[in-house]
Amino acid sequence: MADMIEQKYTAQEAEDRLKRLDPRTLALIGKLEEEHALTKGEYVELLGGMGDESAILLAEKARRIREEIYGKEVFVRGIIEFSNVCKNDCYYCGIRKDNDKVERYRLTDEQIMECCEIGHESGYRTFVLQSGEDGHYTDEVLGDLVSRIHDKYIDCAITLSVGERSRESYQYLYDAGADRYLLRHETADEAHYNRLHPAEMSWRHRMNCLSELREIGYDVGAGMMVGSPYQTPEDLAEDLLFVGEFKPEMCGIGPFIPHRDTPFRDKPSGTLEQTLYLLSIIRLIHPHVLLPSTTALGTIDPLGREKGVLAGANVVMPNLSPGQTRRQYELYDNKICMDDDAVQCRSCMDFRMRSIGYELVVDRGDYRR
Ligand code: 5AD
Ligand code: FES
């Protein structure tokens with residue numbers, strides 16, 4: 001498989017490829033590699049220069065820089081989708097509050113602890129607790145859960161991915177033992193944000209949450225969808241500028257995939273090609289970033305996660321949620337792993353990473369400064 005998707009090239013083939021690449025794109029890639037930053041206009045140009053040759057060159061550079069920092073190791077985080085109740089109505093998301101076809105659930109504390117136990121046994125050292133914005137989880141309720149996990153799994157990192165909350169709440173959860181927080185910025189352009197979300201939601205508020213999380217001391221994960229409706233190359237260039245300025249410890253990107261029961265049901269998916277291209281660019285902008293090869297990428301292509309790692313990603317996030325509820329946490333259509341369990345996903349991922357010459361590690365997988 002490594003040969004199939006990694007592809008080995010002779011020196012001659014590599015040289016021919018460089019000759020086919022247009023000189024401007026080549027120069028931009030060279031500048032990005034050296035300076036780790038381009039201007040907005042240059043990012044737009046680089047995105048416009050996307051093609052086989054430029055993608056291969058970017059991926060090679062991204063892999064090299066990733067291997068200097070993280071070697072061939074792939075970090076693994078177990079995601080526990082503990083509630084699909086959500087007060088928000090993001091137009092893209094399958095568990096938005098207006099979707100009354102979703103059967104809502106909340107895992108009990110016992111079920112969540114059981115996920116952690118199975119996860120810990122099978123080698124996970126980071127748990128990602130993810131949910132919709134569910135009012136049931138007050139600071140006390142969620143804080144108790146976090147400290148229970150923290151006390152029992154002292155060798156593990158706890159990541160929260162539970163949306164926008166107050167600064168006090170973030171502080172409370174941090175004090176309870178959470179180490180990291182994932183809150184994708186979704187898009188760095190305010191006008192674009194407003195086309196993806198109803199008026200009650202505010203781009204400024206979301207960006208402010210990210211700053212507060214950083215100030216409190218969390219390792220912060222931002223990120224965006226690739227090919228979300230109405231996204232322009234300028235919007236993506238803004239995202240790249242944001243990544244270069246804010247330097248989130250993690251940056252989660254994956255293709256937008258429509259969900260049948262949302263207003264965006266008829267919008268086209270983001271592409272594999274563009275997602276891989278962006279993964280490589282982000283690695284070059286921010287060499288140390290933790291970059292997941294996402295489930296959405298694995299959904300649009302059967303080898304998407306492998307290809308993501310070969311484009312510069314260094315994290316995978318298999319699902320630790322119990323079987324019955326997996327189907328009810330469907331953010332987009334055809335999400336993978338619906339019929340698998342935590343142990344199966346772990347060994348599947350182990351196999352997938354080995355097949356491309358990388359290795360899943362039993363480790364918290366901390367950001368390397
Ligand atoms: N396609 C791809 N990604 C999605 N997300 C939500 N809905 C979709 C979709 N339809 C992403 C968002 C969110 C994360 C949890 O999942 O970026 O932040
Ligand atoms: Fe879940 Fe492959 S990662 S089955």
Side-chain angles (χ1 to χ4, degrees), residues 77-99 101-102 128-134 159-165 180-189 192-193 195-198 201 203 205-207 209-210 213 220-231 235-236 239 242-243 248 250-272 274-275 278-279 282 291-301 304-305 308 315 317-321 326 328-337:
R77 284 95 164 81
I79 304 198
I80 303 169
E81 299 154 337
F82 66 92
S83 159
N84 69 352
V85 177
C86 192
K87 70 172 170 59
N88 289 334
D89 222 6
C90 309
Y91 301 140
Y92 45 84
C93 182
I95 62 167
R96 63 201 298 271
K97 78 162 180 235
D98 268 12
N99 183 4
K101 294 197 178 148
V102 186
V128 181
L129 296 176
Q130 187 173 86
S131 70
E133 291 195 13
D134 179 353
T159 303
L160 290 175
S161 176
V162 297
E164 296 177 33
R165 300 172 76 100
R180 308 181 184 142
Y181 204 102
L182 305 184
L183 184 73
R184 288 190 177 180
H185 65 286
E186 309 297 357
T187 170
D189 183 273
H192 183 223
Y193 185 92
R195 302 192 77 174
L196 303 178
H197 302 93
M201 294 182 69
W203 176 80
H205 188 260
R206 199 163 187 89
M207 289 306 211
C209 286
L210 285 168
L213 289 162
V220 178
M224 69 279 185
M225 290 178 286
V226 177
S228 60
Y230 315 111
Q231 186 178 63
D235 296 333
L236 281 171
D239 289 321
F242 171 71
V243 169
M250 180 182 255
C251 184
I253 73 164
F256 161 75
I257 304 172
H259 184 287
R260 62 197 172 283
D261 301 316
T262 63
F264 288 166
R265 62 179 65 84
D266 296 324
K267 305 285 184 205
S269 290
T271 65
L272 174 76
Q274 197 176 34
T275 309
L278 282 157
L279 283 170
I282 291 171
L291 200 55
S293 193
T294 54
T295 306
L297 194 54
T299 298
I300 58 164
D301 185 290
R305 286 166 298 176
V315 177
M317 304 174 77
N319 203 315
L320 271 183
S321 310
R326 283 190 183 206
Q328 289 154 251
Y329 203 91
E330 205 184 357
L331 304 184
Y332 42 80
D333 287 340
N334 306 314
K335 193 173 163 207
I336 52 175
C337 302

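For the numbers below, each heavy atom of this structure counts, side chains included, while hydrogens, waters and symmetry mates do not. In listed order, ligands and their atoms are each counted from 1.
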Undergrad: Just by distance, do the side chain of Asn88 and the backbone of Cys90 share a donor-acceptor pair under 3.5 Å?
TA: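 No; judged by distance alone, with no hydrogens or angles, the pair does not exist.
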Undergrad: Atoms of ligand 1 less than 4.0 Å from Arg184 heavy atoms?
TA: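 Atoms satisfying the 4.0 Å criterion: 11 (C), 12 (C), 17 (O), 18 (O).
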Undergrad: Give yes if a backbone or side-chain nitrogen or oxygen of Tyr92 is under 3.5 Å from a nitrogen or oxygen of ligand 1, and no if not.
TA: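 Yes - when backbone and side-chain N and O of Tyr92 are compared with those of ligand 1, one distance drops under 3.5 Å.
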Undergrad: What's the shortest distance from atom 16 (O) of ligand 1 to any protein heavy atom, and which residue and atom give it?
TA: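 Answer, as residue, atom name and distance: Leu331 CD1, 3.5 Å.
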Undergrad: Which bit of Pro255 is near ligand 1, meaning a heavy atom under 4.0 Å away: side chain, backbone, both or neither?
TA: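 For Pro255, only backbone atoms sit under 4.0 Å from ligand 1.
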Undergrad: With heavy atoms under 4.0 Å as the rule, classify the contact between Glu186 and ligand 1 as side chain, backbone, both or neither.
TA: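 Glu186 to ligand 1: side-chain contact only, backbone stays beyond 4.0 Å.
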Undergrad: Go through the steps to decide whether Met207 and Tyr193 satisfy the test side-chain contact (heavy atoms from CB on, under 4.5 Å), and finish with yes or no.
TA: CA-CA 11 Å; Met207 289 306 211; Tyr193 185 92; over 6 Å; no
Undergrad: For Lys87, is there an ion pair with Glu164 - N to carboxylate O distance below 4.0 angstrom?
TA: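 Here Glu164 does not pair with Lys87 in a salt bridge, since their nearest N and O are not under 4.0 Å apart.
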Undergrad: Whether the side chain of Asp134 engages the backbone of Val85 through a donor-acceptor N/O pair (distance < 3.5 Å, no angle test) should be reported.
TA: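 Between the backbone of Val85 and the side chain of Asp134 there is no qualifying donor-acceptor contact (under 3.5 Å).
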Undergrad: What is the nearest protein non-hydrogen atom to atom 10 (N) of ligand 1, stated with its residue, atom name and distance?
TA: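 Of the protein heavy atoms, Ile257 O, 2.7 Å lies nearest.
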Undergrad: Using 30° and 60° as the class boundaries, would you call the ring planes of His185 and Phe242 parallel, tilted or perpendicular?
TA: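 It falls in the tilted class, 30° to 60°.
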Undergrad: Could you check Asp189 against Thr187 for side-chain hydrogen bond (donor to acceptor under 3.5 Å, both in side chains), going step by step and ending with a plain yes or no?
TA: CA-CA 5 Å; Asp189 183 273; Thr187 170; 5.5 Å; no
Undergrad: Could you find the nearest protein heavy atom to atom 3 (N) of ligand 1 and give me its residue, atom name and distance?
TA: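 Result for atom 3 (N) of ligand 1: Met225 SD, 3.5 Å.
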